[in-house]
Structures are given as structure tokens and as C-alpha cells.
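Residue numbering restarts at 1 for every chain, and letters A, B, ... go by the order of the sequence lines.
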Amino acid sequence: MQKQLVILVDIGKWLGAISLLIVLGCWAERTPVVAPQPAKPEAEKPARKRIFPILKGELDDLQTDAPGARIHLGDTHPPDGSKIQIDFPLERDMRNIGSRVDGAGMCVMTSAERAADWSGLEELKGIRDWAAKRPGGCYPEKFDAQVKQYCKEKKINVPNYIFYLGRDASILEIALKSGRMPAVSYSGHDGVQYRGPIAHVVNPVHYRDGWVGIYDNNYDATKRIWLPENEFLNRWADGRNLGWVIVWLDPPPPPVVAE
Amino acid sequence: MFLLLAVLLAIGDFTWGTTNDPNQKSLWQDGKQIGVWKIAEKEYLTLTARGWVHATCPVDDPQDPPPDFVGPPERPKESTVPSPGEINYGLDRSKCPTEGEYFSYSGTPIDKAKALAVLGAMDGQTAQSKVDPDQLTDDHQSARLTVVGKGADKLLATIQADSRWAELGKGVLAADYKPDAWQLRGKGYKATSPDKPTIYLTDSEGKILYQGEDPEGLFDGLRRKRDPWTFKWNSTWFGVNPFTWMFGAGWSNLQIPIEFVLLVIGAIVVGILALRKKPGPPGQPTRGA
């Protein structure tokens with residue numbers, strides 16, 4: 001039935017196109033040539049008074065240096081009113097757990113598995129729980145080794161990913177721009193979720209126009225920590241520690257089909 | 001009153017029960033089943049108006065946890081990592097370098113030049129400089145090939161193994177999905193046939209360039225996308241869909257022989273010429289004079 005409907009629609013399109021061709025042909029035949037008219041001067045449009053200036057055009061004022069730009073806990077809508085880059089569905093959420101061996105946290109693999117889920121890497125589903133059967137806590141070599149070991153045990157190819165440790169956030173920025181969800185380090189003391197310093201890995205879900213959104217795996221899954229860019233960078237790679245970026249290179253979910 | 005009721009409900013006892021499916025354990029609260037734990041998948045699902053959906057398990061301390069049950073969020077232990085006052089949630093800083101940069105690609109440590117090459121960024125000559133985001137691979141405007149349906153992974157592998165893919169598929173982000181993949185929910189992608197996967201070629205904004213089940217049509221769409229104005233008689237795109245060159249790839253799925261189309265166009269031209277008003281005899285005023 002659906003196929004027949006598609007064919008009918010297509011036939012309609014074809015008939016419409018052919019009719020359009022005929023009409024255009026006839027119109028071209030009958031339309032008299034008109035001498036060019038001098039262009040009318042454009043009337044000056046009165047400037048539209050903005051009732052809500054913050055919503056239209058003045059968003060540039062809301063940058064990191066603006067007085068109102070501060071770290072805060074919000075929902076999935078960026079403070080500047082734009083669309084969030086990674087709108088991760090709530091039902092796919094994963095919370096941080098402790099290792100079943102030593103109780104140490106599993107924030108790295110939790111964030112990595114969430115990012116893998118976003119990129120459609122179904123074969124990595126369960127890697128966090130697999131890792132939780134081993135001692136917790138993670139560092140770069142351990143992460144690489146565990147991903148390799150997991151893939152070996154599951155008899156799958158190691159997915160393509162980049163692990164970066166340093167102070168240049170460009171890879172992070174470009175990953176989010178491309179629609180991928182990275183996992184990054186975060187040292188807390190933000191005053192909204194963590195009073196003091198922490199050693200943690202989270203998922204950034206927005207990095208644009210001076211704002212960074214953090215999707216934490218320790219607290220409320222519906223909330224995002226919103227930080228001005230410089231505040232985030234200070235917590236991503238702080239004074240002593242290099243910043244982490246883990247990016248799965250598989251494509252993010254496709255765009256909505258435009259009708 | 002309502003608050004008290006809510007508190008009483010919230011502290012109701014949770015118990016685990018068995019189900020007909022040995023892979024599932026049911027979670028009960030106050031005599032009512034509120035969710036299931038899928039043992040193999042290590043997933044908790046709760047029943048909502050939309051049906052079963054993934055959720056966070058509400059049980060803090062299950063008395064009868066299912067085998068391999070990984071509990072709800074536990075507050076990770078404070079770190080043994082020597083960092084006074086720092087709470088550790090799973091990042092072992094004691095084994096992380098504190099200077100320089102570290103790159104790995106799929107688990108293999110690589111240097112920065114190689115990492116940037118992987119990202120399609122810069123060559124080794126500029127590898128020591130700061131990474132310029134504009135020079136990194138920015139594929140957010142790339143076309144998307146989305147194969148959805150039963151056997152989508154095999155079809156995608158076939159497409160990517162085709163010799164034409166190396167040329168025409170360069171820069172195209174390709175992925176396969178099951179028909180019920182959450183990544184496609186509400187986005188308009190559908191497997192039109194239960195047995196065959198459907199191919200979608202879209203631009204970065206979601207505009208469909210090709211939709212169908214035929215890889216040949218996909219390659220035509222890719223060819224049209226890359227070189228929209230080159231007319232090729234030996235190309236199947238014209239035979240598959242003659243209006244492609246006017247309205248873009250994917251405008252219509254109808255396959256009509258080129259002979260028929262030429263016949264229709266010829267008939268239209270002849271019709272217009274036949275109906276065209278002939279000029280009057282000499283001496284009579286012409287139209288518009």
C-alpha cells in the first residue's frame with residue numbers, strides 16, 4: 001500500500017513537472033517584452049524596536065566576559081539560547097559506578113561508553129561493566145589496554161578513536177563541532193556541583209560561542225553544568241594536570257531528514 | 001499530605017523476582033512490578049506510557065541482586081591518589097604524564113604529527129605548532145550515508161568494498177543502523193522493506209540526495225552530488241531518473257525509460273509549435289503595434 005502511494009506521489013510529481021514545462025513554454029511564447037523600468041528607490045524601513053533584546057541579536061554581549069556569564073547548573077538548553085550540540089537522550093543515560101573489585105570509580109569507561117553509544121558503537125555496549133570487574137581508576141595506557149583487551153575478548157575490531165592528553169582544546173572543539181561526543185577530564189571546584197577539587201571524566205555536550213556544557217555521570221542526568229569557556233578550560237587542564245580528550249571517530253547520529 | 005504520600009511511596013520496599021524469561025529479573029515495589037533487569041545486557045527498563053524504556057535502576061541495596069548485577073550509582077571511594085583534598089571518581093592522575101602531549105590512535109601510541117594526519121589536519125612540518133581548528137578535519141558538513149534495516153551492515157560493507165566508493169564516497173560519513181535504532185528515532189529514516197535495507201544519502205542538513213534500495217542509485221546520487229552538471233549518456237542516473245538533472249538527486253523514485261521521456265518531451269515541443277500563433281498576412285497590424 002505504501003509502495004503504491006509512493007508511486008502515485010511520484011506520478012503526481014511527474015505530471016506536475018510536465019504541466020509546469022507546458023505552462024512555462026506557453027508563457028514564454030505569450031509574454032510581451034517589457035522595457036526595463038528604472039528601479040524604485042527602496043523606502044527606508046523603520047528600525048524595529050526589540051522588546052526582548054536578549055533574544056535577538058545581542059547574544060554576542062553574552063560572552064564569557066559579560067558580567068552575567070557564570071558557572072551554573074541548567075537544563076539541556078545553552079545559556080545563549082542556541083541549540084545544544086549533543087542532545088543525548090535521557091533514556092540512554094549511564095551513571096558512574098564503583099569497581100566491584102576495589103570500589104574505585106569508573107568515570108572514564110562510563111563516559112567512554114556513553115560516547116560510544118552516541119556514535120552507534122553497539123559492540124562497545126557493556127565495556128564499562130566489563131571494566132568494573134577489574135580494579136577501578138584509569139589512566140591513558142590503561143584505557144588503551146582495556147579497550148584492546150575488551151575487543152580481543154569480544155572478537156571485534158578496535159574502533160577508531162583518538163586519545164589526547166595535553167593543553168590544546170582544539171580537538172575537543174572540533175569533535176563537538178562534528179557532532180561527536182568526547183569524554184574529557186574535569187577537575188570540579190565549580191561551586192554548583194563540586195565544592196572542592198576532583199579527579200573526574202565527563203562528557204562535554206556543547207562547546208560553542210563561549211559556553212561549554214558538561215554532562216556529568218555522577219549527578220542528575222537531566223542537568224548540565226554550564227561554564228564559560230575559560231572556566232571550563234581551567235578545569236579541563238588545570239595547573240598540574242593535562243587535559244584528556246577521548247573521541248570515537250565513528251560518525252554521530254545522522255541529521256533529521258528534511259522533508 | 002501529598003509530600004508525605006510521596007515520601008512513603010519513595011521508601012517502599014523493593015524486591016527482586018523471577019520472570020518467565022531466565023534472562024530477566026523483575027523489580028517489585030509495594031506489590032507492583034516497576035521494572036525488569038536484563039541480565040545479559042545489564043540493562044534496567046521501566047514501564048512508562050510509551051512502553052518499556054531504559055532507566056536508572058532505583059534500588060540502592062537490592063536484597064536479592066540478579067547475577068552479575070552492577071548496582072546503581074555508588075559513591076566511588078575516595079582516591080588513593082596522592083592529591084590532598086581531591087575526590088577521585090575514577091581518574092588515576094598518579095599515572096598520567098604532567099608535561100608534553102600524549103596521543104594514541106585506537107590504542108596505539110602515536111606522535112602528534114601522525115595524530116594530526118589521522119585527523120586529516122596538518123603535515124609533519126607544522127606539527128609542533130598549535131593545532132588550528134580550521135585545519136583539522138571538520139566533517140560536520142559532510143554528506144551522510146545511512147543504511148537502515150535488516151542486513152544494513154552487510155550492505156554497507158558491500159558498498160564500501162565497491163571500487164567506486166573510494167572515489168565517490170570520499171568524505172562521506174557512513175553508518176548502518178538497525179530499524180529500531182534509537183539514533184534514528186523521530187528522524188524520518190525508515191526501512192521501507194522488511195527484508196532489504198534502505199539506503200539514505202543526505203547532505204549535512206538532512207536533505208535527501210538518494211533514497212532507495214539500489215546501491216547503483218546511491219552511486220548515481222554520489223556522482224550527481226559531486227558533479228551535478230556533467231551530462232553522461234552512459235550514466236545510469238539519467239536512465240533511472242531523468243528529472244534528476246532538473247530537480248536534484250532523490251526528487252523522484254519513479255523509474256521511467258529514457259525513450260518514454262524523450263517521446264513526451266518531443267510531443268510537448270511539437271504541441272507548442274503546432275499551437276503557436278502564426279503571424280498574420282502582410283498589411284495587417286501585428287500584435288502589440
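Around CZ of A/R92, the count of heavy atoms belonging to other residues, nucleotides or ligands within 6.0 Å exceeds 12. The number of heavy-atom neighbours closer than 6.0 Å to NZ of B/K196, taken from other residues, nucleotides and ligands shown, is 12 or below. Surrounding CD of B/E205 are at most 12 heavy atoms belonging to other residues, nucleotides or ligands under 6.0 Å away. Residue-environment remark: CD (A/E153) exceeds the threshold of 12 foreign heavy atoms within 6.0 Å. Heavy atoms of other residues, nucleotides or ligands lying less than 6.0 angstrom from NZ of B/K187 number more than 12.
In this structure, B/Y102 OH and A/Y139 OH are separated by 10.5 Å, a value rounded to the nearest 0.5 Å. Note: A/H200 NE2 to B/R93 CZ = 11.0 Å, rounded to the nearest 0.5 Å. Of the inter-residue distances, the one linking B/Y89 atom OH with A/N218 atom CG reads 5.0 Å to the nearest 0.5 angstrom. Atom CD1 of A/I162 sits about 7.5 Å away from atom OG of B/S106, to the nearest 0.5 Å.
Minimum interatomic distance between A/E141 and B/K95 (heavy atoms only, all atoms of both residues): OE1-O, 4.2 Å.
Of the two parts of B/T202, only the side chain, counted from C-beta on, holds a non-hydrogen atom closer than 4.5 Å to a non-hydrogen atom of chain A. Heavy-atom distances place both the backbone and the side chain of B/P97 under 4.5 Å from chain A. Neither the backbone nor the side chain of B/L145 comes within contact range of chain A; no heavy atoms are under 4.5 Å apart. Interface remark: B/D203 contributes backbone atoms only to the contact with chain A (heavy atom separation under 4.5 Å). Both the backbone and the side chain of A/S187 come within less than 4.5 Å of a heavy atom of chain B. For B/A181, no part lies under 4.5 angstrom from a heavy atom of chain A. For B/T98, the parts sitting under 4.5 Å from any heavy atom of chain A are the backbone and the side chain alike. Looking at A/E122, only its side chain comes within 4.5 Å of chain B, counting heavy atoms on both sides. For A/D93, the part sitting under 4.5 Å from any heavy atom of chain B is the side chain, from C-beta outward, and nothing else. Using a 4.5 Å cut-off between heavy atoms, A/N157 does not touch chain B at all.
A heavy-atom distance below 4.5 Å is found between the side chains of B/E101 and A/D168. Taking the side chain as every heavy atom from C-beta outward, B/F103 and A/I171 approach each other to under 4.5 Å.
Most heavy-atom pairs under 4.5 Å with chain A: of the set B/G100, B/A175, B/G271, B/S193, this distinction falls to B/G100. When each of A/S119, A/C138, A/A199 is scored by its heavy-atom pairs under 4.5 Å with chain B, the top score falls to A/A199.
Between B/W182 and A/W118, the angle of the ring planes lies from 30° to 60°, which puts this pair in the tilted group.
Every side-chain contact (heavy atoms from CB on, under 4.5 Å) that B/A191 has, sequence neighbours left out, goes to B/T198.
Checking side-chain atoms of A/Y161 against main-chain N and O of B/G107 turns up a donor-acceptor pair under 3.5 Å.
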Return all side-chain donor-acceptor pairs below 3.5 angstrom for residues 242-256 of chain A, not counting sequence neighbours, or 'none' if the list is empty.
| residue | atom | partner | partner atom | Å |
| --- | --- | --- | --- | --- |
| A/W248 | NE1 | A/A112 | O | 2.9 |

